[in-house]
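Here is the structure we will look at.
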Amino acid sequence: MKLVIVESPGKIKKISSYLGNGYVVAASFGHVRDLPAKKDDLPEKYRSEPWANLGIDVNNKFRPYYVRSSSKSAQIQKLLDLSSKATEILLATDADREGEAISWHLLQLLKPKVPVHRMVFFEITQSAIQKALQNLRPLDLNLVGAQESRRCVDRLYGYEISPLLWKMGPRLSAGRVQSVALRMVAERELERIEFVPTAFISLDSLTEHGFTARLTHFQNQRVATGKDFDSKGKLRDGAYPFSKEEADGVAAQLKKHPLTLQKDEEKPFTQKPPAPFITSSMQQEASRKLGFSVKKSMEVAQKLYEAGYITYMRTDSPALSDEGTQGARAAVGQHYDAKLLPANPRVYASKNQNAQEAHEAIRPSGKVFRDLQQARKDLADDEYRLYELIYKRTLASQMIDAQGRQRVLTLNLDNHLFTASGKTYDELGFRTLYVEGKDEQEEEGEKLPQMQVGDLVKVKKTTVKNNKTQPPARYTEPKLVQTLEKAGIGRPSTYASILTNIETRGYIQRTKNTLHATWLGMAVVKFLTEKFPRFLDYTFTAEMEKQLDDIAEGKRTRLDYLTHFYFEEGGLSVELAAYRQQPHTETDFTPEILKEAGLRIRIQDGTPLLSMSGKAVKIPDSLKPDDLTPEKAQELLGSGETITVAAPAASAQKRTLGFHEGKEVVVGMGKYGPYLKVGEEFRKLKVHASAIPHLTLEKALQMAEAASSENSVLKELQHGRGKIQVRRNDRGMYLASGKNFAPLQEGTSLDDLTYQQASEMLKQHQDSRKKRA
DNA sequence: CAGTGAGCGAGCTTCCGCTTGACTT
């Protein structure tokens with residue numbers, strides 16, 4: 001028996017049918033081993049190692065320690081049983097970096113004594129599977145090395161930077177993907193906060209022919225529209241700030257005089273159909289047309305996949321297999337119109353360099369697509385609607401271009417120019433079936449009549465409108481996914497969980513489908529971009545991918561790249577050390593507009609507080625940062641429940657004061673009193689517990705310095721097993737022996753002091769205390 | 001005045017990417 005291992009159990013049935021007798025197909029259910037999530041997941045002998053928390057011994061060639069994924073234990077056991085009976089093992093995990101790594105981990109886990117080969121295919125058809133069987137190869141260890149590098153970068157990045165955020169609030173996190181995704185949302189919110197809206201005027205005329213013409217030039221000067229103002233409300237060069245008075249003047253003129261048609265231009269255009277769906281474009285369209293969230297799209301698609309209706313839904317390749325192309329063309333011919341098919345099939349390739357393309361596009365599965373009537377009968381409503389979208393998109397992708405003409409009319413009155421534009425389709429092509437981004441085929445532009453240049457056009461009604469420039473729109477879920485995808489950040493299997501993650505951490509909130517950053521999210525972004533700019537750069541992942549490609553091609557070693565990433569100049573550990581050297585100042589992320597009003601926002605225990613001259617209130621969760629104007633802030637400060645700013649309420653809690661000579665300085669309350677911890681070293685601190693919250697770094701260091709001159713042992717007197725110390729503290733010199741103490745006159749000559757004398761003094765002191773008691 | 005002094009000092013949170021069910025509400 002030959003054992004074939006794939007990732008997804010959904011593939012087992014079909015592959016088995018193509019392989020026939022003598023083969024058993026089983027699934028790994030994804031990755032089977034990973035770095036330990038916490039040190040307790042390691043075998044006991046490693047738990048006290050300095051690298052135990054990271055799971056990577058960075059000083060020993062970045063050696064990773066892998067543990068079995070506990071949730072997969074039943075499946076792993078099954079694979080172990082099967083592999084012990086197998087005569088040969090074929091590792092048929094996905095044909096990408098992660099798939100190669102899964103195969104390698106399986107090999108480490110199963111330790112088979114029989115021959116092992118890697119088997120690769122890009123579609124599940126009889127011919128593709130047979131071809132794969134004839135082209136078996138060994139594991140590509142360079143590709144495995146690239147994956148392991150990626151894993152190490154993510155672990156080191158996430159586990160080294162996240163703890164820095166725990167001063168802001170518990171359980172906060174940073175990561176290569178999530179922090180950049182958050183940065184996008186947070187920066188958009190900040191743009192909106194700092195946006196200065198500006199008023200501008202527009203003028204539209206409804207003509208006797210029923211089309212509307214818009215004023216573009218006033219006395220031959222181009223009228224400013226919303227696009228002519230920058231985010232601060234400044235007018236760009238070349239645009240004319242058209243006023244209400246001028247608009248009313250033009251409107252009055254139009255009541256008396258007609259417009260003259262000055263130009264009638266027509267340009268032909270063609271439109272190509274959109275490419276077949278990949279994960280991100282499917283999410284986008286399911287959101288726009290069906291109102292699905294990213295999560296819901298994936299859940300519904302999973303059901304369609306399991307029901308055998310569609311190909312795999314987590315893909316970054318828009319390419320159709322031969323089977324898919326033929327299926328789409330056949331369906332167009334059968335259910336629509338063979339005239340809509342181009343002579344040659346259309347071929348699609350990913351525009352994204354980081355795409356791994358282990359799967360084909362998302363399309364109806366099989367050689368013969370299940371038609372919509374059949375689907376209607378078999379599927380639940382949501383599933384049908386998504387299937388219909390996928391079906392039409394796939395068919396449209398194989399249809400001919402749409403063709404038409406774009407017409408623009410220019411009309412004139414006294415050098416005031418107006419334009420009206422319209423589109424006419426001569427060939428709808430793929431648009432008969434599918435139009436991207438729209439529910440139905442909408443009219444684009446006006447219906448324009450046939451006219452001659454020089455014709456007069458009467459205006460029936462003129463509308464003067466007061467407009468306001470709009471701040472940049474917030475991201476929607478799929479828009480953020482698409483932006484990430486274009487930047488090569490994240491993978492199809494993770495898009496939905498990226499959103500869930502930054503939401504459950506309280507970094508962003510969603511209302512319907514639009515996303516906005518919370519104050520916590522904005523604070524985290526400000527901190528990270530200020531302290532670790534290189535790691536928050538939008539191109540960081542793309543750069544990493546280049547290096548991973550080099551590793552995969554054998555041009556660079558894993559060790560070389562990780563050393564660069566971690567140890568070399570600008571590397572993570574270097575930047576972390578530099579951060580720890582800095583005077584530990586709190587990052588102020590209060591937007592300028594609020595700061596100018598004397599307001600301050602800070603995060604305390606994960607909660608955003610608004611403060612002004614010592615008074616502070618909690619900012620309600622429901623208030624979007626964009627909506628916190630200085631006026632709203634005053635209202636909150638007036639009404640809200642006042643709380644103490646930076647109140648280290650539990651005075652016994654330890655607190656970082658800052659950094660001294662590269663060592664973290666922490667003040668805390670021990671069982672027997674306050675202490676200062678400088679690096680790993682403890683120092684006694686003589687303050688009342690209530691004073692701890694008010695300690696500054698300088699003051700605490702001074703006090704510790706003073707305390708360290710205390711209690712120095714000046715002399716030790718030994719006699720047999722007895723020992724008496726002469727010590728000094730801030731009150732003076734004293735003798736100490738066990739729990740007995742006695743003061744010593746200042747200026748006593750220590751050189752001459754004998755054990756016997758000291759012992760006598762201690763005894764007398766105890767006697768005199770007893771008497772008094 | 002009475003009576004210090006030294007000792008002690010928590011451990012946790014976290015990453016990305018690949019797969020499905022097994023859970024609860």
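When reading the values below, keep in mind they use all heavy atoms of this one structure, side chains included, and skip hydrogens, waters and symmetry mates. Per chain, numbering begins at 1; letters A, B, ... match sequence-line order.
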**OP:** State whether A:Tyr507 and A:Arg505 meet the cation-pi test: NZ (Lys) or CZ (Arg) under 6.0 Å from the six-membered ring centroid, and within 45° of the perpendicular axis.
**Re:**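 Output no; distance or angle outside limits.
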
Protein-nucleotide distance ([X], atom [atom1]; [N], atom [atom2]), rounded to Å:
X	N	atom1	atom2	value
A:Arg97	B:dC16	CZ	C1'	11 Å
A:Ile161	B:dT13	CD1	C1'	16 Å
A:Leu165	B:dT14	CG	P	12 Å
A:Leu172	B:dC12	CG	C1'	13 Å

Subject >> Under-3.5 Å donor-acceptor pair between A:Arg171 side chain and B:dC12 base >> reply: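 Donor-acceptor pair under 3.5 Å: no.
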
**OP:** Indicate yes or no: does A:Asp549 engage A:Lys546 in a salt bridge with an N to O separation below 4.0 Å.
**Re:**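 No.
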
**OP:** Decide, yes or no, whether a salt bridge links A:Asp316 with A:Arg491 under the criterion of side-chain N to carboxylate O below 4.0 Å.
**Re:**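 The answer is yes: the pair qualifies as a salt bridge.
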
Original post:
Side chains of A:Tyr157 and A:Ser179: do they bring a donor and an acceptor to under 3.5 Å?
Top reply: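 No - no donor-acceptor pair under 3.5 Å links their side chains.
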
Subject >> Side-chain donor-acceptor contact under 3.5 Å, A:Tyr66 with A:Glu148 >> reply: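 On atom types as modelled, these side chains qualify, holding a pair under 3.5 Å.
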
**OP:** Using a 4.0 Å heavy-atom cut-off, write out nucleotides 17-22 of chain B from 5' to 3' as B (base contacted by protein), S (sugar-phosphate only) or - (no contact).
**Re:** BBBS--

Subject >> Neighbour count >12 (heavy atoms, 6.0 Å) for atom NZ, A:Lys14 >> reply: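 Yes.
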
